[in-house]
Amino acid sequence: MTEQNMAQTTIDKLKSQIGSQVTLRGWVYKLRSIGKIWFLVLRDGTGLLQCVVVKAEVPEDVFAMESRLTQESSVIVTGTVREEKRAVGGVELGVSGIEVVHVAEEYPIAPKEHGTAFLMDHRHLWLRSRLQHAILKVRHQVIKASRDFFDSNGFTLVDSPIFTANAVEGTTNLFKVDYFDQNAYLTQSGQLYQEAGALAFGKSYCFGPTFRAEKSKTRRHLTEFWMIEPEMAYCDLDEDMSWAERYVEYIVQWCLEHCKTELATLERDTSKLEKVKRPFPRITYAEAAEILARKGSDFKPGSDFGGTDETLISEEFDRPVMIHRWPADIKAFYMKRDPANNDLALGVDMLAPEGHGEIVGGGQREDDYDILLKRIRDNDLPVKPFEWYLDLRKYGSVPHSGFGLGIERTVGWICGTKHIRETIPFPRTIYRIEP
RNA sequence: UCCGGAGUAGCUCAAUGGUAGAGCGGGUGGCUGUUAACCACUAGGUUGGGGGUUCAAGUCCCUCCUCCGGAGCCA
């Protein structure tokens, strides 16, 4: 290894390298010139660094590079790290040399305000900007925390397929694909397969993309989104809710500890997240309906909650709230009924605070063969594609439960972003499939 | 699918029916500590498409397209 390679570093490590001669590889984030000094703000994926080029301190050709360089040009910069209160991040680089790797063409995203449509058209470049970078860093940590949580609690990763022959919830619109000469769909949930996983491994989970062909046009919807779905054998609704609150608490506390810089960049009020500690309130659907009645919503009892209703309910609590025991009519066929009231399903939804909507949906599954078969028929679903699913009730059926957590809505809540489309690298919405 | 909103310079937006403009970005020049630097100069337009009314349309009417927000549905 040459001396040059040994000095190779990244911006996030510079605080411990003050006084050292280092080399950084990155891109020009911003340029400012005041004559015989110019400033280059370097971006390397780990942070931003102000680099100072002084005419009297560098060779003439290095100083002359200011006129050649453009925003987002790729450069390798060498210099001495020093403390500097005036610079962003508290350190700066006194430049001794610059190697130009590529001079970028005029960059479309100027350091000024842009509209969302324009930025989304340039999503592949927008990812480089501070806020988008921070949001996706949080997304990464949410996913890491999720895997850590389930991996260290005895769950086995059992990936569900993306192509499926059956519609989990029957009623919702699925993306149909030509699967050779047969119809297939893109999955809208990996849950059914996790039930097989839980009966094989005790506790299993999957994490992958799911697809909904609904023509939703709201800040809470994507046609392609990522869901993490755990499923537990020998688990009833109460235990299911305990898993959900442990998991959500874990993710939020993990991000508070590991995403301090990003949450500060996003100007997130973290005091709201610090309150996300167990136990979370658990209320019934009927109690939630009472809250809405008291607050004057025009909500119709027996129906599902709309976005506004969810916000009204979540405003009552300072942490996520779990709503359980729903009218069976509005829930999926596979949900087990409440032994105390056959009209109610043992389902649970978790609403995030601050109006970020439903982040978790789940419940206890019907484990009786005859009842499940009847439900499939009552819902006018074809029995054939569900035969394997029914088998799970023929060979060692047990009470089991699970849930799914929407990654994008969770990231949106933790980051405090208004639009869910900023929480996924390349969002897919009804009118956007590019870039 | 329904309701509402918007399409004008690369971007963000102005412009009573009467000569299409500004800021930012780009280019040129100036400045030894800038923070969205500043100052001067400069280039940049089929006003989303089509049709109509009018002496005259970015502006009024019809139609189509695109996008945005919300509803429904959902995570």
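These numbers come from a predicted model, not from an experiment. Within every chain, numbering begins at 1; the chains are lettered A, B, ... in the order of the sequence lines, protein sequences first and strands thereafter. Only heavy atoms go into these numbers, but all of them, side chains included; no hydrogens, no water, no symmetry mates.
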For [X], report the nucleic acid contact type (base, sugar-phosphate, nothing); a contact means any heavy atom under 4.0 Å.
X	answer
A:Gln50	base
A:Lys55	nothing
A:Leu222	base
A:Ile407	nothing
A:Val360	sugar-phosphate
A:Gly115	sugar-phosphate
A:Ile359	sugar-phosphate
A:Asp304	sugar-phosphate
A:Glu229	nothing
A:Phe118	sugar-phosphate
A:Glu84	base
A:Ser33	base
A:Arg82	base
A:His419	sugar-phosphate

Under a 3.5 Å cutoff, is there a donor and acceptor pairing between the side chains of A:Gln17 and A:Thr9? yes
Could you verify whether a donor N or O on one side chain and an acceptor N or O on the other, from A:Tyr247 and A:Ser146, lie under 3.5 Å apart? yes
Measure the acute angle between the ring planes of [X] and [Y], then classify it against the limits of 30° and 60° as parallel, tilted or perpendicular.
X	Y	answer
A:Phe175	A:Phe211	perpendicular
A:Phe305	A:Phe299	tilted
A:Phe207	A:Trp226	tilted

Nucleotide [N], atom [atom2] - distance to [atom1] of [X] in whole Å:
X	N	atom1	atom2	result
A:Lys36	B:rG29	NZ	C1'	14 Å
A:Tyr29	B:rA36	OH	P	11 Å
A:Lys30	B:rC38	NZ	P	11 Å
A:Arg68	B:rG27	CZ	P	14 Å
A:Leu69	B:rG25	CG	P	17 Å
A:Arg428	B:rA75	CZ	C1'	19 Å
A:Glu72	B:rG26	CD	P	13 Å
A:Asp121	B:rC67	CG	C1'	9 Å

To the side chain of [X], which of [options] is closest?
X	options	answer
A:Arg220	B:rC11, B:rA75, B:rC73	B:rC73
A:Ile34	B:rG70, B:rC31, B:rC67	B:rC31
A:Glu358	B:rA75, B:rC67, B:rG33	B:rA75

Who is the Watson-Crick or G-U wobble partner of [N], with both distances under 3.5 Å?
N	answer
B:rG26	B:rU42
B:rU59	none
B:rG21	B:rC13
B:rU32	none
B:rC2	B:rG70

Answer yes or no for this row: A:Phe39 ring on B:rG33 base, centroids under 5.5 Å, planes under 30°.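 By the stated criterion, A:Phe39 and B:rG33 do not stack.
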When the [atom1] atoms of [M] and [N] are compared, how many Å lie between them, rounded to an integer?
N	M	atom1	value
B:rU8	B:rA15	P	14 Å
B:rG33	B:rC38	P	16 Å
B:rG17	B:rG58	P	13 Å
B:rU12	B:rG70	C1'	24 Å
B:rG7	B:rU46	C1'	15 Å
B:rC39	B:rC31	C1'	9 Å
B:rG27	B:rG10	P	16 Å
B:rA43	B:rG25	C1'	13 Å

I'd like to know if [X] reaches the base of [N] with its side chain, counting only an N/O donor and acceptor under 3.5 Å.
X	N	answer
A:Arg32	B:rC38	no
A:Glu105	B:rG26	no
A:His221	B:rC74	yes

Comparing nearest nucleotides in RNA chain B, the 5'-proximal residue of the pair A:Thr223, A:Pro108 is A:Pro108
Residue mapping more 5' on RNA chain B - nearest nucleotide basis, A:Glu106 or A:Gly307: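 Its nearest nucleotide being more 5', the pick is A:Glu106.
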Decide yes or no on side chain to side chain donor-acceptor pair (under 3.5 Å) for A:Glu195 and A:Tyr334, but give the supporting numbers first. CA-CA 11 Å; A:Glu195 294 187 44; A:Tyr334 52 72; over 6 Å; no
Within the pair A:Arg421 and B:rG69, is there a side-chain N or O less than 4.0 Å away from OP1 or OP2?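 Yes, because at least one side-chain N or O of A:Arg421 sits under 4.0 Å from OP1 or OP2 of B:rG69.
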Are the charged groups of A:Asp338 and A:Arg325 less than 4.0 angstrom apart, N to O? yes
Measuring from A:Ser401:OG to A:Glu239:CD, what's the distance to the nearest 0.5 Å? 7.5 Å
Run through A:Asp304, A:Asp349, A:Asp343 and flag the one making a salt bridge (Lys or Arg N to Asp or Glu O under 4.0 Å) with A:Lys331. A:Asp349
